[in-house]
Amino acid sequence: MPTLGPVDAAQVPRFAGPATFARLPRLDEVTAADVAIVGVPFDTGVSYRPGARFGPAHVRASSKLLRPYNPALDVLPFDRLQVADAGDIACNPFSIDEAVAAIERGADALTGSGSRLLTIGGDHTIALPLLRSVARRHGPVAVVHFDAHLDTWDTYFGTPTTHGTPFRLASQEGLIDREASMHVGIRGPLYSDKDLTDDRALGFSAVTSPEIEIDGVAAAIERMKARIGDRPVYVSVDIDVLDPAHAPGTGTPEAGGLTSRELLRMLRAFSDFNVVGADIVEVAPAYDHAELTGIAAAHVGYELLSAMAAAQRP
Ligand code: MN
Ligand code: MN
């Protein structure tokens, strides 16, 4: 059956039309979705600048220029996959625990009919309930985590569940494959070198931002392939993996990051992997300028969808 794609820009100008991601149909306009895009407007887990609760609407607004054909992967992602926008998961802004439970329920409901999820946050706390939902379906998954930060820290102000801790908790709960998970783009000051030894014990390897500068993007892709193999993989993209020059609109910026060109090239490599879910988090539009961060995040979503579509090449 042919898919229902984005609204035709020859009929409705790009600055008009629906407010869905890439002007795609809503989930209730299609019979079933191969990939559902869902927003999670939650930022109660942030430690510094708040505002990622406005991320889903901003990334959708910044996605209006995305076009149907991706020449870099030679794929029409919305032809090969039925992609639809599922709206937002409503969650409690005053209770992290209640919000986390609601996100997990929302993800379970959306994936119950076999859809994969591309989630737009929201702060990085949301990766924990999303991984709980993914692991229930697929078992422990390889996580490829693009971020300036490890996000395997311990409690903050006595609170275990924050945007700095989702991958510690996911590892402790057995949601991730400890032989196959990794960070990409790590950089910046830490509390101590113990952060790194704790992180390795939790099952992560790392390709740091300085290593990408020295060895190049191709070498980083080879390390991802060696680490992941053919395992089911979950991709989590904290937009602060990009340099603040490329993504100023985020909560905990760190200098010395990736360019959007480097990140998009690495994401195309996921056409060789079995991606079972993905998220894009930490877009905080109040600190954005000229939609730089929103556009970067929209293209991250487009390349992830394209990679999933290219992986299904007949
Ligand atoms: Mn980060
Ligand atoms: Mn993060």
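Every number for a ligand or one of its atoms is a count from 1 in the order of the listing.
We find that E303 and R268 are joined by a salt bridge, their nearest charged nitrogen and carboxylate oxygen being less than 4.0 Å apart.
Side-chain contact check for D238 versus D151: some heavy-atom pair is nearer than 4.5 Å. With contacts defined as side-chain heavy-atom distances shorter than 4.5 Å, the pair H145/V241 does not qualify.
Rounded to 10°, the angle formed at the Mn ion (ligand 1) by D240 OD2 and H149 ND1 is 90°. Here D238 contributes OD2 and D147 contributes OD1, and at the Mn ion (ligand 1) these two atoms make an angle of 90°, given to 10°.
H124 contributes atom ND1 as its closest N/O/S atom to the Mn ion (ligand 2). The name of the N, O or S atom in D151 nearest to the Mn ion (ligand 2) is OD2.
Between the side chains of T293 and H58, not a single donor N or O lies within less than 3.5 Å of an accepting N or O.
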